[in-house]
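One structure is given below, encoded as structure tokens.
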Amino acid sequence: MADSRVVIVTGGGTGIGEATARLLREGGHHVVVSGRRSEPLRRLERETGALAVPADVGDPEAADQLVRAALTAHGRLDGLVLNAGIGRGGTVGDLSLDDWDEVMRTNVTGPLLLLRASIPHLLEARGAVVAVASVAALRNGTSNAPYATSKAALLQLCRSVAVDYGRQGVRANIVCPSWVRSEMADRRMARFAAEADLRGGDVEAAYEEATGHLPLGRPGEPREIAEAVGWLLSPAASYVNGAVLTVDGGATALDPGTLAFDFHVAPRRDDVSHPASPPLGDSTPTPSQDL
């Protein structure tokens, strides 16, 4: 962004949200970071000067208050990064309805509420929205019904903004990451390493196993996703609207039917109803770890 702008980043305490907030602050922009956990937000505030506003944007009043805080502090709102989210697993036949409701509330209703509160101000500023979805919005995995459905819904919610408000100057785009190193992904990899007995539970071995089939053969870094988000917010992307940008190391470019030509691939379990696990690229926390 050439001029200083005001951007709200949800899920801003760690991972992609934190990296995005830091990137924007380095560019001289005003950033308001939000999330459910106060401590990482306050640390980011001390280190970067971003304004920390702890909030659960799944609550309508909290979403309104977050937008008001940005307006009170900076007088305008130019950008919105919808990054907060949680992951839950389950098949259609066995998922918990409580998990379903919580995932939809956080990953879909929360962004909707924040968009509703932000749209008048984004229209005034001719601003931009970026939603951080997942490759799970485009490709599914086993036992992944709640998360994948919510991310696909977030994608179309953001595209609705692109279609409905584009003529009035508001752009809305989506990034879909694959596995990205983060506090939350590290925890998932630690569980995977323990379950699969990878080098005695080594997290690096888990990352290698999970991303070894990707064309780039490695996980992403939060900064790499943040760079894509920052570009989509910027005037450099002024004619990009309603786009879905995969930042996934080539995961969605790969035909899984060709994997056997380069790798020996075998299921870890014989049954298909294995325990639910977060999807490819999931860097979202459980409720007690929400961003």
Can you list the residues that meet the side chain to side chain donor-acceptor pair (under 3.5 Å) rule with [X], with sequence neighbours excluded?
X	value
Asp101	none
Arg25	none
Asp202	Arg199
Asp248	Thr252

So how far is it from [X] [atom1] to [Y] [atom2], rounded to the nearest 0.5 Å?
X	Y	atom1	atom2	result
Ile8	Asn83	CD1	CG	13.5 Å
Arg88	Thr106	CZ	OG1	7.5 Å
Leu233	Thr20	CG	OG1	8.0 Å
Ser38	Glu45	OG	CD	9.0 Å
Leu97	Glu102	CG	CD	13.5 Å
Arg139	Ser134	CZ	OG	11.5 Å

Measure across [X] and [Y] and return the closest heavy-atom pair with its distance rounded to 0.1 Å.
X	Y	result
Pro177	Val132	CG-CG1, 4.1 Å
Ala152	Ala137	N-CB, 3.7 Å
Tyr147	Gly87	CD1-CA, 3.6 Å
Ala205	Leu198	CB-CB, 4.0 Å
Ala125	Asp78	CB-OD1, 3.4 Å
Ala251	Pro215	N-CD, 4.1 Å

Any chain of hydrophobic side-chain contacts (each under 4.5 Å) joining [X] to [Y]?
X	Y	result
Val161	Ile174	no
Val7	Leu122	no
Val130	Val6	no
Leu66	Leu82	yes
Val67	Tyr165	yes

Below 3.5 Å, can you tabulate the donor-acceptor pairs from side chains in residues 111-120 to any protein atom, sequence neighbours excluded?
| unit_1 | atom_1 | unit_2 | atom_2 | d |
| --- | --- | --- | --- | --- |
| Ser118 | OG | Leu114 | O | 2.7 |

Quiz prompt | Atom CZ of Phe192: over 12 foreign heavy atoms under 6.0 Å | solution =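 Counting neighbours around CZ of Phe192, more than 12 heavy atoms of other residues, nucleotides or ligands fall under 6.0 Å, so yes.
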- What do you reckon, is CD of Glu47 surrounded by more than 12 foreign heavy atoms closer than 6.0 Å? yes
Applying side-chain contact (heavy atoms from CB on, under 4.5 Å), name anything that partners [X], two or more places apart in sequence or on another chain.
X	result
Ala243	Asn173, Val240
Ala190	Val203
Ala153	Val108

- After noting the C-alpha distance and the side-chain angles of Val103 and Thr149, does the key distance pass the side chain to side chain contact (heavy atoms under 4.5 Å, CB included) rule? CA-CA 9 Å; Val103 168; Thr149 302; over 6 Å; no
Name all pairs fulfilling the salt bridge (Lys or Arg N to Asp or Glu O under 4.0 Å) condition that reach into [range], sequence neighbours left out, sorted by first residue then second.
range	answer
residues 152-175	none
residues 216-239	Glu26-Arg223, Arg181-Glu221, Arg218-Glu224, Arg223-Glu227
residues 51-63	Arg36-Asp56, Asp56-Arg105, Glu61-Arg68

In this structure, which one of Val9, Val129, Thr10, Ile16 forms a side-chain contact (heavy atoms from CB on, under 4.5 Å) with Val81?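 That would be Val9; it is the only one of Val9, Val129, Thr10, Ile16 passing the side-chain contact (heavy atoms from CB on, under 4.5 Å) with Val81.
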In His29, His74, His30, the residue satisfying side-chain contact (heavy atoms from CB on, under 4.5 Å) with Arg5 is His29
Does some side-chain heavy atom of [Y] sit less than 4.5 Å from a side-chain heavy atom of [X]?
X	Y	value
Arg22	Val31	no
Val247	Ile225	yes
Leu138	Leu155	yes
Thr258	Asp262	no

So, does [X] use its side chain to make a donor-acceptor pair with the main chain of [Y] at under 3.5 Å?
X	Y	value
Thr211	Leu214	no
Thr109	Gly58	no
Thr72	Ala69	no

Sequence neighbours excluded, the answer for ring-ring contact (aromatic ring centres under 6.0 Å, His included) partners of Phe263 is His213
### NZ/NE/NH1/NH2 to OD/OE distance under 4.0 Å, Arg42 and Glu39
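Salt bridge flag = no for Glu39 with Arg42.
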Item to complete: Step by step, work out the side chain to side chain contact (heavy atoms under 4.5 Å, CB included) result for Asp186 and Tyr207.
Response: CA-CA 9 Å; Asp186 285 351; Tyr207 272 116; 2.6 Å; yes
How far apart are the C-alpha atoms of Arg126 and Val170, what are their side-chain angles, what is the distance that settles it, and do they pass the side chain to side chain contact (heavy atoms under 4.5 Å, CB included) test? CA-CA 5 Å; Arg126 299 179 70 84; Val170 174; 5.9 Å; no
Side chain to side chain contact (heavy atoms under 4.5 Å, CB included) between Cys176 and Val244, worked out:
CA-CA 7 Å; Cys176 291; Val244 178; 3.7 Å; yes
